[in-house]
2 protein chains.
Amino acid sequence: MGSTDRKQIKSTRTAFTIIERVSSTDGATVSELAETLGRSKSTVHAHLQTLTEMGYLFRIDDEYHVGLPFLTLGGAARSTDRYQNLYRAAKAEIDDIVDQTGERAQVVVEYQGEGIYFYQSRGHRYVQTDSQLGTSVSLHSTAVGKTILSVLPDDRVEEILSNSELRPRTEHTVVDRDELRERIETIRERGYAYDREERIEGICCVAAPIECGPETIASLSVTVPTKRASGEYFEEELPTLVTNVARVIELNTQYS
Amino acid sequence: MGSTDRKQIKSTRTAFTIIERVSSTDGATVSELAETLGRSKSTVHAHLQTLTEMGYLFRIDDEYHVGLPFLTLGGAARSTDRYQNLYRAAKAEIDDIVDQTGERAQVVVEYQGEGIYFYQSRGHRYVQTDSQLGTSVSLHSTAVGKTILSVLPDDRVEEILSNSELRPRTEHTVVDRDELRERIETIRERGYAYDREERIEGICCVAAPIECGPETIASLSVTVPTKRASGEYFEEELPTLVTNVARVIELNTQYS
DNA sequence: GCAGCAGTTCGACACTGTCGAACGAGGCCG
DNA sequence: CGGCCTCGTTCGACAGTGTCGAACTGCTGC
């Protein structure tokens with residue numbers, strides 16, 4: 001099945017598999033990793049030693065953790081040709097929104113079928129969630145996600161949908177593919193999306209797409225607790241704000 | 001000299017060497033990398049192919065860039081046991097400082113002899129610099145850096161100083177080791193540090209150390225343009241603010 | 001003190017990361 | 001239009017190394 005296997009460095013694959021595992025299991029140990037990854041302890045040990053020596057992991061007693069150098073690389077990724085304009089424009093506008101509304105706002109970027117938290121800021125009325133910088137989210141379970149899907153060509157949507165399992169996050173999560181397609185159609189027409197507790201109980205979102213070219217699709221969203229998610233504020237004010245600012249970001253991304 | 005060579009994965013070393021090079025030379029090509037790293041084109045090609053396939057790099061035409069997954073790992077690093085308390089405490093306090101002063105404020109963490117921008121925020125009077133999330137800075141050329149050195153034990157200071165070349169950044173950068181030691185002594189006594197255009201022309205800083213345990217040393221700093229770097233504001237107000245808030249962060253880091 | 005379990009080291013084999021050479025696709029210039 | 005350079009890609013072959021399981025060490029707790 002693998003079409004693009006060609007000549008690849010297998011040990012790099014296992015190195016990153018280990019890194020990812022260490023990242024998700026903060027404080028993982030040698031035996032633990034060897035067990036869950038199905039590799040010998042000596043192999044895992046050699047990798048951990050190398051990565052620790054280079055500073056990409058660090059070790060407390062016998063537990064390993066991902067190190068701050070990844071923050072350096074992440075910052076570099078955001079300053080990349082493709083993303084730096086989006087970063088500047090989004091940062092400025094999001095900070096504005098936060099000042100205005102006091103809520104939390106963020107930009108999520110589509111990257112290889114997933115959404116990655118690209119920049120976020122919180123206001124004085126902010127609600128705490130698990131999502132922070134770099135967190136990756138599946139595209140079906142959030143307002144941002146569905147917004148992104150709504151501006152992608154149909155074949156890519158299908159491709160992404162078929163690769164994801166539509167795991168429900170709350171009782172409101174849409175898990176039916178047809179219903180999802182329908183909703184995406186609605187979003188295409190009106191230009192923005194709602195998330196009413198589909199990912200986290202008590203948390204709602206309004207999101208609008210940001211198109212910075214065929215390869216750089218993002219989404220701007222404002223997050224509010226359910227208690228403020230009603231009335232004119234949630235039905236009129238926020239959608240208008242979000243769609244307008246999204247367009248501003250698009251424009252500022254083009255010419256700078 | 002190499003004491004800790006043992007069994008290590010060489011190909012992972014070259015993989016990360018390539019990643020780092022791609023990160024610093026945004027849009028690097030195969031031949032370019034092969035040239036500067038002294039490796040064959042085919043080797044570099046195999047690595048790039050692997051890393052691209054895994055999503056850690058992405059490719060536009062024949063140019064490679066670091067990808068957003070590093071942001072995910074970087075975010076995970078910041079949420080690590082060692083750093084998450086510091087992150088929460090620092091974020092809250094820094095945002096406060098920014099609201100109060102309108103300047104730019106940041107926390108830099110010591111990581112293996114370097115300083116890494118851990119969190120930063122800017123106010124309405126902010127000044128733009130090259131430094132942003134994840135940027136690593138040498139410890140001798142900044143207020144934050146010298147502050148960090150001031151709370152490290154002497155032997156570690158000497159170790160770090162001997163491993164760095166004290167490259168001057170502006171005409172005000174301190175390059176003499178003895179003078180640096182002297183200044184560090186001064187900082188130890190009064191508890192905060194100044195940077196008067198030592199790293200960037202026109203940019204000054206006030207910084208105070210944050211000690212969250214022997215292994216987690218950081219520094220809080222406020223950045224102002226030279227035109228505001230004088231008088232009571234710069235000589236009294238900011239030092240007091242910075243040292244007080246640093247202590248608050250220390251406390252909040254301990255108990256949470 | 002002896003199990004039991006952790007991380008670490010060792011030795012040996014098969015595998016694979018490495019290289020240089022050859023191939024194919026553009027772009028540039030004569 | 002055609003030859004030439006350059007770049008990315010593929011190929012084959014060898015040396016090197018990533019891999020494993022077994023043995024070793026140090027710790028903890030019965």
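Every heavy atom of this structure was used, including side-chain atoms; hydrogens, water molecules and symmetry mates were not. Chain naming here is simple, since letters A, B, ... match the order of the sequence lines and numbering starts at 1 in each.
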Original post:
Which of parallel (below 30°), tilted (30 to 60°) and perpendicular (above 60°) describes A:Phe70 and A:Tyr56?
Top reply: tilted

**OP:** Please work out which of the three classes, parallel, tilted or perpendicular, describes the rings of A:Tyr83 and A:Tyr111, given edges at 30° and 60°.
**Re:** tilted

Original post:
Between which nucleotides of DNA chain C, read 5' to 3', does contact with chain B run, using atoms under 4.0 Å from its heavy atoms?
Top reply: C:dT9 to C:dG20

Original post:
B:Ile60 and A:Arg82: side chain to side chain contact (heavy atoms under 4.5 Å, CB included), yes or no, with the steps?
Top reply: CA-CA 9 Å; B:Ile60 302 178; A:Arg82 180 182 278 178; 3.6 Å; yes

Original post:
Under 4.0 Å: is that the gap between some side-chain N or O of A:Thr14 and OP1 or OP2 of D:dT19?
Top reply: yes

Subject >> Contact summary for B:Gln120 and B:Gln132, nearest pair of heavy atoms >> reply: OE1-CA, 4.0 Å

Taking atom [atom2] of [N] as reference, at what distance in whole Å does atom [atom1] of [X] sit?
X: B:Glu35; N: D:dG8; atom1: CD; atom2: P; value: 12 Å
X: B:Gln49; N: D:dT10; atom1: CD; atom2: P; value: 6 Å
X: B:Leu33; N: D:dT9; atom1: CG; atom2: P; value: 12 Å
X: B:Lys7; N: D:dT17; atom1: NZ; atom2: C1'; value: 7 Å
X: B:Arg13; N: D:dG16; atom1: CZ; atom2: P; value: 19 Å
X: B:Arg59; N: D:dC7; atom1: CZ; atom2: P; value: 14 Å
X: B:Ile60; N: D:dG8; atom1: CD1; atom2: P; value: 15 Å

Residues, nucleotides or ligands: over 12 heavy atoms within 6.0 Å of [X] [atom1]:
X: A:Glu35; atom1: CD; answer: no
X: B:Asp61; atom1: CG; answer: no
X: B:Arg59; atom1: CZ; answer: yes

Original post:
Given A:Ile217 and A:Val109, is the side chain to side chain contact (heavy atoms under 4.5 Å, CB included) satisfied, shown in steps?
Top reply: CA-CA 6 Å; A:Ile217 306 295; A:Val109 175; over 6 Å; no

**OP:** Scan residues 36-46 of chain B against DNA chain C and write down, sorted by residue number, each residue with any heavy atom closer than 4.0 Å; if none is found, say none.
**Re:** B:Arg39, B:Ser40, B:Ser42, B:Thr43

**OP:** Encode nucleotides 25-30 of chain D as B, S and - characters from 5' to 3', where the letter depends on protein heavy atoms closer than 4.0 Å: B to the base, S only to sugar-phosphate, - to neither.
**Re:** ------

Original post:
Does the side chain of B:Leu161 reach to within under 4.5 Å of the side chain of B:Leu180, using non-hydrogen atoms?
Top reply: yes

Original post:
Do the non-hydrogen side-chain atoms of A:Gln106 and A:Tyr119 ever get within less than 4.5 Å of each other?
Top reply: no

**OP:** Using heavy atoms to find the nearest nucleotide of DNA chain C for A:Glu32 and A:Lys10 separately, return the residue whose nucleotide is more 5′.
**Re:** A:Glu32

Subject >> Salt-bridge criterion met for B:Glu158 and B:Arg181 (N-O under 4.0 Å) >> reply: yes

**OP:** Kindly point out which of D:dG18, D:dG8, D:dT19 is positioned nearest to the side chain of B:Val30?
**Re:** D:dG8

